[in-house]
Trainee: 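Below: one structure in structure tokens.
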Amino acid sequence: MTSGIADIGLIGLAVMGQNLALNIADHGHTIAVYNRTAEKTRGFIADCEKNEPSAARVIGTESLPEFVAAIKRPRKIVLLVKAGTATDQTIATLLPHLDPGDIVIDGGNAHWLDTIRREQELTAQGFSFIGSGVSGGETGARFGPSLMPGGSPEAWAELEPIWRDIAAKVDEQTGAPLEGAEPGKPLSGGVSCTAHIGANGAGHYVKMVHNGIEYIDMQLICEAYWLIKHLLGWEADAIGQVFADWNRGELSSYLIEITADILQQRDPSGDGFLVDKVLDTAGQKGTGQWTSTSALEQGVPANAMAEAVFSRALSALKDERVQAGDALHGPKLPIVNDAPALIASIRNALYCSKICAYAQGFQLMAEAQKTYGWRLDFGTIAQIWRGGCIIRANFLQKITDAYIRDPGLKNLMLDPYFRDALHSGQENWREVVALAVKSGLPVPAFGSALAYFDGYRSSRLPANLLQAQRDYFGAHTYERTDQPRGKFFHLDWPGDPRVQVEV
Ligand code: NBP
């Protein structure tokens with residue numbers, strides 16, 4: 001048995017754990033690995049020995065005492081097991097083998113409230129706990145994920161050198177992701193896509209909002225595709241060319257890039273394009289729903305983000321939709337002759353909607369930091385998302401720039417760059433939403449983002465009537481525009497104005 005030479009340990013050798021372990025080893029760190037089912041560990045080690053240049057730095061262990069003994073103190077142990085109960089079970093079986101001062105790092109997709117609870121429980125027992133968002137899936141884990149750690153600054157100081165080594169890297173000047181890492185040949189230089197996000201659950205919260213943004217980013221792209229497909233009647237590959245073209249401009253992003261590839265992919269088992277044969281029901285693992293629930297709980301108007309979750313839910317009603325398609329009729333599709341103009345308008349609608357979606361995500365994090373006592377650095381968060389993760393995009397550098405210009409920015413839409421983009425794109429955006437509505441094509445994300453923009457810029461909204469209704473049926477009181485805020489009134493509706501009372 002090897003003892004005490006590993007720089008770090010990792011539990012959970014499914015797809016994420018294996019890839020992150022190899023990434024750590026490629027960066028020159030010795031890592032001990034353990035998996036509940038020992039067979040998986042043996043298989044992984046055998047594969048490493050055959051195929052991996054860094055195999056000598058990976059130590060396979062088959063019991064927790066052996067695993068723990070292989071790691072230098074204070075031990076740093078990364079968990080990459082199924083989120084939820086499995087994480088609690090893994091922690092419970094691990095703790096009796098640890099010493100005070102050891103650090104447990106949960107890299108799974110934990111709910112931030114679980115992370116807050118676990119951090120409290122472990123700290124009370126003399127251990128440290130970091131909840132680190134890990135984004136980028138399998139490839140990110142292997143060659144550079146975006147890492148969002150939350151926990152005490154002391155625990156972070158211990159983990160930081162390894163986390164900075166293995167994270168994705170972006171160019172210091174341009175912010176563009178650095179690419180080209182290979183097994184045994186990690187990238188060198190560049191700015192690491194990780195930073196201490198804040199205390200306890202902050203990292204997992206920010207990772208969750210990242211996923212919520214991923215949902216809306218994807219939904220917006222789908223709506224753009226759907227409009228081009230139906231209003232112009234184009235084949236998938238031609239639409240793919242449009243996305244490839246958009247990827248050369250300000251919309252340039254990983255999701256636009258893969259959309260261009262997907263749309264141009266021919267069906268490997270038949271004629272035509274694969275996308276036309278993929279069943280139109282979208283799955284979800286829950287982080288988009290968590291984001292929307294958090295927005296509802298905190299009263300943050302993240303309507304477009306929620307629409308993205310509802311759109312997946314609607315897509316899942318496939319059988320009902322097929323039946324309803326026979327029973328419920330909409331308008332005829334119009335004939336659009338000016339394809340270049342329509343495509344330019346849809347591009348603007350997509351960009352403006354995307355700005356609103358991100359504005360909602362950052363507004364949500366701004367509210368959460370008040371609720372949970374964090375101090376989030378939004379410019380850095382946008383920077384961390386520039387590499388490794390699914391929402392990586394040039395656009396994120398604009399967000400970092402906006403928060404550098406004004407660290408106290410209330411809403412991204414108010415930054416001069418984004419404000420100008422909204423002003424110049426909004427006419428097209430409105431035309432596209434109006435055309436979609438008239439054509440009977442669903443654009444929930446484009447439409448709700450536009451409603452958010454219009455609502456946010458309205459100094460007055462019809463909530464005056466709403467509040468009066470609440471006072472009418474429930475005596476919920478109202479404030480008056482001609483009186484100072486904080487003075488509340490009630491009327492015995494429908495009543496004599498003289499019986500209005502201040503409460
Ligand atoms: P899974 O989420 O599929 O989890 C499988 C791992 O959990 C296996 O190692 C399994 O051990 C272990 N495990 C389970 Br299940 N129950 C356990 C228990 N009670 N005690 C100990 N170990 C247990 O793996 P994954 O897809 O690699 O994801 C790992 C984590 O990373 C998850 O939290 C996931 O949400 C997160 N994440 C995943 C991605 C992605 O793209 N897949 C991206 C970002 C984050 P066994 O082999 O003995 O069954």
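Order of listing sets the numbers, starting from 1, for every ligand and every atom in it.
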Trainee: Under 4.0 Å from a heavy atom of L13: give me the atoms of ligand 1 that qualify, with their elements.
Mentor: 9 (O)
Trainee: Can you pull out the closest protein heavy atom to atom 26 (O) of ligand 1? Residue, atom name and distance to 0.1 Å, please.
Mentor: V15 CG1, 3.6 Å
Trainee: I want to know if ligand 1 touches E138 in the polar sense, i.e. an N/O pair below 3.5 angstrom.
Mentor: no
Trainee: Check the orientation of W112 and Y205. Use parallel for under 30°, tilted for 30 to 60°, and perpendicular for over 60°.
Mentor: perpendicular
Trainee: Among all protein heavy atoms, pick the one closest to atom 14 (C) of ligand 1 and tell me residue, atom and distance.
Mentor: R36 NH2, 3.7 Å
Trainee: May I ask you to say whether R42 pairs ionically with E39, meaning some side-chain N is under 4.0 Å from a carboxylate O?
Mentor: no
Trainee: For R75, is there any backbone N or O sitting under 3.5 Å from a side-chain donor or acceptor partner on D102?
Mentor: yes
Trainee: Answer yes or no: does an N/O atom from V81 fall short of 3.5 Å to an N/O atom of ligand 1?
Mentor: yes
Trainee: Nearest heavy atom to atom 4 (O) of ligand 1: which of K207, K82, E39 does it belong to?
Mentor: K82
Trainee: Indicate yes or no for a side-chain donor-acceptor contact from Q265 to the backbone of F273 under 3.5 Å, with no hydrogens or angles considered.
Mentor: no
Trainee: Nearest to atom 48 (O) of ligand 1, what protein heavy atom do you find, and at what distance?
Mentor: T37 OG1, 2.4 Å
Trainee: Report the nearest protein non-hydrogen atom to atom 16 (N) of ligand 1: residue, atom name, distance rounded to 0.1 Å.
Mentor: A86 CB, 3.3 Å
Trainee: When you measure from atom 44 (C) of ligand 1 to every protein heavy atom, which one gives the shortest distance, and what is it?
Mentor: V134 O, 3.2 Å
Trainee: For ligand 1, which atoms sit closer than 4.0 Å to a heavy atom of G12?
Mentor: 9 (O)
Trainee: Treating S146 as the side-chain partner and I384 as the backbone partner, does any N or O pair qualify as donor plus acceptor under 3.5 Å?
Mentor: yes
Trainee: So which of R73, K72, K76 actually passes salt bridge (charged side-chain N to carboxylate O under 4.0 Å, His left out) with D7?
Mentor: K72
Trainee: Purely on distance, is any nitrogen or oxygen of K40 under 3.5 Å from one on ligand 1?
Mentor: yes
Trainee: Against I346, only a single residue in Y225, Y351, W246 fulfils side-chain contact (heavy atoms from CB on, under 4.5 Å); can you say which?
Mentor: W246
Trainee: Identify, for atom 3 (O) of ligand 1, the protein heavy atom at the shortest distance, and state residue, atom and that distance.
Mentor: A14 CB, 4.5 Å
Trainee: Suppose I only count heavy atoms of G137 and a 4.0 Å limit; which atoms of ligand 1 are within that range?
Mentor: 41 (O)
Trainee: With atom 45 (C) of ligand 1 as the reference point, say which of T90, L80, N109 has the nearest heavy atom.
Mentor: N109
Trainee: Determine, for F418 and K398, whether the Lys NZ or Arg CZ falls below 6.0 Å from the six-membered ring centre while staying within 45 degrees of the axis.
Mentor: no
Trainee: Side chain, backbone, both or neither: which part of T93 has a heavy atom under 4.0 Å from ligand 1?
Mentor: neither
Trainee: Please identify which atoms of ligand 1 are closer than 4.0 Å to at least one heavy atom of Q89.
Mentor: 18 (C), 19 (N)
Trainee: Looking at G198, is its backbone amide N or carbonyl O close enough to the side chain of H196 to form a donor-acceptor pair, meaning the two atoms are under 3.5 Å apart?
Mentor: yes
Trainee: N/O of M16 under 3.5 Å from N/O of ligand 1, yes or no?
Mentor: yes
Trainee: Is the backbone of P444 close enough, under 3.5 Å, to the side chain of S448 for a donor and an acceptor to pair up by distance?
Mentor: yes
Trainee: Would you please indicate if the ring centroids of Y358 and F378 are separated by under 6.0 Å?
Mentor: no
Trainee: Applying a 4.0 Å heavy-atom criterion (strictly less than), which segment of N35 is in contact with ligand 1: side chain, backbone, both, or neither?
Mentor: side chain
